[in-house]
2 protein chains.
Amino acid sequence: MEEKVYADVAGGLDQGRAAAWRALITSNALVLEKIERALAEAELPPLGWYDVLLELSGAPDGRLRMHELARAVVLSRSGLTRLVDRLEGAGLLRREPDPADRRGSYAAITEDGRATLRRMWPVYAAGIAGHFGEHLTDEEARVVAGALGRVAGAARSR
Amino acid sequence: MEEKVYADVAGGLDQGRAAAWRALITSNALVLEKIERALAEAELPPLGWYDVLLELSGAPDGRLRMHELARAVVLSRSGLTRLVDRLEGAGLLRREPDPADRRGSYAAITEDGRATLRRMWPVYAAGIAGHFGEHLTDEEARVVAGALGRVAGAARSR
DNA sequence: GAAATATAGTTGCATATACAACGAACTCCT
DNA sequence: AGGAGTTCGTTGTATATGCAACTATATTTC
């Protein structure tokens with residue numbers, strides 16, 4: 001029973017929580033893989049694009065500063081620079097200078113960007129429903145959202 | 001309320017499950033980021049190495065065929081080839097031919113590999129405990145493990 | 001048992017990502 | 001006001017990953 005051995009070594013981590021963590025990362029990887037494949041088959045952009053467009057579409061004036069966006073989609077600033085390059089190249093967003101801070105720029109979603117978001121959502125939603133939501137009771141969904149929301153909130157603030 | 005709009009379009013996906021999904025991918029990304037950083041600071045290998053070594057250490061004779069390992073750690077076969085290259089280069093595992101199938105090879109953990117696993121676990125466990133387990137009640141951990149375990153199981157079999 | 005098909009693992013290639021370093025602009029502090 | 005230190009976004013570089021194509025071997029089919 002090496003699980004036991006490890007559990008002894010690990011201060012403050014019991015087996016139940018370790019199991020929850022493994023289930024989390026594994027289900028995340030497997031479901032994302034399937035959704036990415038579905039998007040590719042529908043000739044739609046990858047999920048990272050969706051995340052960016054969704055954040056922008058919900059922001060005031062459809063735009064966010066680069067560093068806000070990087071934080072929102074959990075990406076390094078350099079990673080975001082390149083991702084935004086690609087989206088801008090595809091015409092789904094525009095960079096706009098910030099008059100109040102001349103170091104910075106906004107990423108602003110375009111009409112094409114909003115249209116792409118709308119085309120992606122059905123495929124994404126079907127993937128979430130079929131590979132994830134399908135397997136949860138209402139109560140489990142509530143608990144998962146609450147608990148993992150708290151985890152994410154704590155990780156963000158620290 | 002664009003959430004509402006999207007919810008209407010999405011067949012079979014309600015808002016609670018959509019929220020659970022977003023909490024899942026966000027918490028996953030944030031917690032992994034912090035754990036990777038902790039490992040790097042301790043001059044330990046990245047998490048992908050841990051996953052490989054853990055699977056091997058729990059397998060009969062400490063070894064698995066390449067395709068089994070790829071499936072276990074949720075990586076493409078080509079991705080695994082390169083990952084195993086790096087681990088083998090570091091002496092943490094060995095490739096061994098399979099006498100029963102001359103196309104294939106085993107990846108077999110070495111003593112150094114087991115030692116590395118033992119050195120990584122305390123850092124990994126502390127990360128899981130501090131950034132994840134900390135924020136869950138016992139009951140929530142149970143529900144999350146059960147529900148996401150089911151999600152992962154379904155995604156694997158299909 | 002030979003031919004057709006499928007599978008195992010590796011490789012070339014294209015893409016994605018993080019880190020460190022950079023120039024430019026901002027903020028604070030006295 | 002002005003210098004010290006900070007923050008913003010980008011870039012060079014190294015690393016990681018998936019897909020498609022490839023070789024070698026196994027399996028199936030007739």
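Throughout, protein chains are lettered first and strands after them, A, B, ... in sequence-line order, and every chain is numbered starting at 1. From a predicted model like this one, the values you see are computed outputs, not experimental measurements.
- The listed nucleotides are D/dC8, D/dT11, D/dA26; the one nearest the side chain of B/Arg102 is D/dA26.
- Place A/Gly79 and A/Asp101 on DNA chain D by their nearest nucleotides, and A/Asp101 ends up nearer the 5' end.
- Using a 4.0 Å cut-off between charged side-chain N and carboxylate O, A/Asp138 and B/Arg17 make a salt bridge.
- Of the candidates D/dC19, D/dA16, C/dT10, the closest approach to any side-chain atom of A/Arg37 belongs to D/dC19.
- One can place CG of B/Leu75 at 14 Å from C1' of C/dG9, the figure rounded to the nearest angstrom.
- Atom pair B/Leu47:CG and D/dT17:P shows a separation of 11 Å (rounding to whole Å applied).
- For the pair B/Leu69 and B/Glu55, the minimum side-chain heavy-atom distance is below 4.5 Å.
- In this entry the distance linking OH of A/Tyr106 with P of D/dG9 reads 10 Å, nearest Å.
- The residue among B/Gly104 and A/Val74 whose nearest nucleotide of DNA chain C lies closer to the 5′ end is B/Gly104.
- The nucleotide whose nearest atom lies closest to any side-chain atom of B/Ser78 is, among D/dA20, C/dA25, D/dA26, D/dA20.
- Atom C1' of nucleotide D/dC19 and atom CD of A/Glu36 are separated by 14 Å, given to the nearest angstrom.
- Distance B/Asp85 CG to C/dG9 C1': 11 Å, rounded to the nearest Å.
- Electrostatic pairing of A/Arg94 and A/Glu88 does not count as a salt bridge here, judged by no charged N lying under 4.0 Å from a carboxylate O.
- OP1 and OP2 of D/dT17 both lie 4.0 Å or more from every side-chain N or O belonging to B/Arg82.
- Residues A/Met66 and A/Ala107 approach most closely at SD-CB, 4.3 Å, considering heavy atoms.
- Across the protein-nucleic acid pair, A/Leu80 atom CG and D/dC8 atom P stand 13 Å apart, rounded to whole Å.
- Rounded to whole Å, atom P of C/dT10 lies 13 Å from atom CZ of B/Arg103.
- One finds no side-chain N or O of A/Arg65 lying less than 4.0 angstrom from the OP1 or OP2 phosphate oxygen of D/dT7.
- Between B/Leu87 and B/Trp49, some side-chain heavy-atom pair lies under the 4.5 Å cut-off.
- Counting to the nearest Å, the P atom of D/dT11 and the CZ atom of A/Arg86 are 14 Å from each other.
- Contact annotation: A/His67 reaches the phosphate of D/dG9 (side-chain N/O to OP1 or OP2, under 4.0 Å).
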